[in-house]
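What you see below is based on every heavy atom in this structure, not just the backbone, and it leaves out hydrogens, waters and symmetry mates.
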Amino acid sequence: MSAAAWQRTLEVQTAEHTHTLGAALGAQLAAGDLVILTGELGAGKTTFTQGLGEGMGVRAGIISPTFVLVRIHPNLPDGPRPGGPDLVHVDAYRLESASEIDDIDLENTMDSAVTVVEWGRDRVEHLSESRLEVDLYRALGGTPAASSGHGSPGPAEAGGVLDFDTDDDGEPRTVVIRGFGPRWAQPPALPGLPILPGTLPAAAEGNS
């Protein structure tokens with residue numbers, strides 16, 4: 001697997017900050033983009049995706065697609081980006097392989113939509129030569145470690161914690177964003193959201 005072209009690490013203090021980060025990134029996404037989200041339950045994946053949707057100008061109401069593999073959120077003609085791409089929100093947790101990903105026909109919408117895949121690491125990279133990977137870490141014991149073979153703990157292991165529980169709204173999260181492929185040869189601008197001091201390009205940190 002090719003190395004990331006760059007890596008950016010940010011700290012967000014609240015769910016609102018996570019949403020704001022997602023919106024800033026979403027405003028720069030275009031049809032054909034692939035975003036892979038990794039993080040334990042409660043890390044803020046759905047909150048981040050809601051921000052992406054706002055920045056893209058798609059219909060509100062994004063929720064975790066846990067019991068529906070794929071949800072499509074259409075672009076709003078009267079929104080901030082009329083004529084922009086739809087958002088295809090995928091939960092790959094119960095999918096065991098790239099071939100199962102192929103069975104849900106994401107390639108039919110890849111060119112015309114932005115595809116956001118939770119639990120997608122090692123499953124959806126073949127869908128596009130370029131991608132963004134976004135890892136969300138909780139301050140208290142959160143790592144996208146190799147539990148359940150999905151890059152982070154499953155529902156049983158995580159104790160059923162809902163995504164960004166309101167009790168944890170003030171708990172900081174660390175967000176790591178990496179870019180792969182020609183589309184993301186350079187990192188997107190994220191105004192007002194500086195990287196953490198000492199963060200190095202991905203190659204310098206030994207990421208692959």
Trainee: Locate the shortest heavy-atom distance separating Pro85 from Ser112; write the atom from each residue and the value.
Mentor: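 Taking every non-hydrogen atom into account, CB-O, 3.7 Å.
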Trainee: Which heavy atom of Pro188 sits nearest a heavy atom of Gln28, and at what distance?
Mentor: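 Closest approach of Pro188 to Gln28: CB-OE1, 3.4 Å.
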Trainee: Kindly indicate, with the supporting measurements, whether the criterion side chain to side chain contact (heavy atoms under 4.5 Å, CB included) is fulfilled by Leu106 and Val88.
Mentor: CA-CA 9 Å; Leu106 290 178; Val88 177; 4.1 Å; yes
Trainee: In the structure I gave you, are the side-chain heavy atoms of Leu136 and Lys45 within less than 4.5 Å of one another anywhere?
Mentor: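 They are in side-chain contact.
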Trainee: Mind running side chain to side chain contact (heavy atoms under 4.5 Å, CB included) on Leu132 and Leu29 for me, showing each step along the way?
Mentor: CA-CA 10 Å; Leu132 288 177; Leu29 296 178; 4.2 Å; yes
Trainee: To the nearest 0.5 Å, tell me how far Ser130 OG sits from Asp33 CG.
Mentor: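 It is 8.0 Å, given to the nearest 0.5 Å.
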Trainee: Tell me which one of His17, Arg138, Glu11, Gln13 satisfies side-chain contact (heavy atoms from CB on, under 4.5 Å) with Arg173.
Mentor: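 Checked His17, Arg138, Glu11, Gln13 against Arg173; only one passes side-chain contact (heavy atoms from CB on, under 4.5 Å): Arg138.
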Trainee: Output the distance between atom CD1 (Ile62) and atom NE2 (His89), rounded to the nearest 0.5 Å.
Mentor: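 One gets 7.0 Å once the value is rounded to the nearest 0.5 Å.
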Trainee: Sort and list the pairs that fulfil side chain to side chain donor-acceptor pair (under 3.5 Å) and have at least one residue in residues 48-63, not counting sequence neighbours.
Mentor: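 Passing the test, one end in residues 48-63: His19-Glu54.
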Trainee: Quick one: which of Arg131, Arg8, Gln7 gives a side-chain contact (heavy atoms from CB on, under 4.5 Å) with Arg178?
Mentor: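 Only one of Arg131, Arg8, Gln7 forms a side-chain contact (heavy atoms from CB on, under 4.5 Å) with Arg178, namely Gln7.
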Trainee: State, with a plain yes or no, whether a side-chain heavy atom of Ile104 is found less than 4.5 Å away from one of Val90.
Mentor: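 Yes. Closest side-chain heavy atoms under 4.5 Å.
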Trainee: Nearest 0.5 angstrom please: Leu25 CG to Met56 CE, how far?
Mentor: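 Rounded to the nearest 0.5 Å, the CG-CE separation comes out at 10.0 Å.
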Trainee: At what distance, to the nearest 0.5 angstrom, does CG of Leu21 lie from CZ of Phe48?
Mentor: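 Going from CG on Leu21 over to CZ on Phe48, the span is 5.0 Å.
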Trainee: Does a side-chain heavy-atom distance below 4.5 Å link Val114 with Val58?
Mentor: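 Heavy-atom side-chain distance check fails, nothing below 4.5 Å.
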Trainee: Is the shortest distance from a Lys or Arg side-chain nitrogen in Asp135 or Arg121 to a carboxylate oxygen in the other one below 4.0 Å?
Mentor: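 Yes, Asp135 and Arg121 are salt-bridged.
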Trainee: Measure the shortest side-chain to side-chain distance between Met110 and Asn108 over non-hydrogen atoms and say whether it is less than 4.5 angstrom.
Mentor: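 With C-beta onward as the side chain, the pair stays apart.
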Trainee: Enter the distance from Glu118:CD to Tyr93:OH here, rounded to the nearest 0.5 Å.
Mentor: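 Answer rounded to 0.5 Å: 13.0 Å.
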Trainee: Does the side chain of Thr38 come within less than 4.5 Å of Glu133's, by heavy atoms?
Mentor: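 Not in contact.
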Trainee: Can you name the nearest heavy-atom pair linking Ser128 to Gly32, along with the distance?
Mentor: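 Ser128 and Gly32 have their closest heavy atoms at OG-O, 4.2 Å.
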Trainee: Looking only at heavy atoms, which two atoms of Leu95 and Arg123 are closest? And how far apart?
Mentor: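 Here Leu95 and Arg123 meet closest at O-NE, 2.7 Å.
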Trainee: Assess the residue pair Val175 and Val134 against the criterion (side chain to side chain contact (heavy atoms under 4.5 Å, CB included)); give the C-alpha distance rounded to whole Å, side-chain angles, the decisive distance to 0.1 Å, and a yes or no.
Mentor: CA-CA 7 Å; Val175 182; Val134 180; 3.7 Å; yes
Trainee: Does Asp111 have more than 12 heavy atoms from other residues, nucleotides or ligands lying within 6.0 Å of its CG?
Mentor: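 Not buried by this count: 12 neighbours or fewer within 6.0 Å.
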Trainee: Could you walk me through whether Asp91 and Arg71 pass side chain to side chain contact (heavy atoms under 4.5 Å, CB included), step by step?
Mentor: CA-CA 9 Å; Asp91 184 347; Arg71 294 183 186 272; over 6 Å; no
Trainee: Find out whether Leu127 and Ile101 are in side-chain contact, i.e. whether some heavy atom of one side chain is under 4.5 Å from a heavy atom of the other.
Mentor: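 Sidechains of Ile101 and Leu127: in contact.
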Trainee: Out of curiosity, Leu37 CG to Leu52 CG, how far, rounded to the nearest 0.5 Å?
Mentor: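 The CG atom of Leu52 is 7.0 Å from CG of Leu37, to the nearest 0.5 Å.
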Trainee: Using side-chain heavy atoms (C-beta onward) and a distance below 4.5 Å, is Ile72 in contact with Leu87?
Mentor: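 Side chain of Ile72 against side chain of Leu87, heavy atoms only: no contact under 4.5 Å found.
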Trainee: Checking the side chain of Asp86 only, and the main-chain atoms of Ala113 only, is there a donor and an acceptor separated by less than 3.5 Å?
Mentor: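 The answer is no, because no donor-acceptor pair under 3.5 Å joins these two groups.
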Trainee: Please examine the side chains of Leu34 and Val117, heavy atoms only from C-beta on, and report whether any two atoms are closer than 4.5 Å.
Mentor: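 Yes; the side chains approach each other to less than 4.5 Å.
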Trainee: Same cluster or not: are Val116 and Leu76 linked, directly or through other Ile, Leu, Val, Met, Phe, Trp or Tyr residues, by side-chain heavy atoms under 4.5 angstrom apart?
Mentor: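 Different clusters: Val116 never reaches Leu76 through Ile, Leu, Val, Met, Phe, Trp or Tyr contacts under 4.5 Å.
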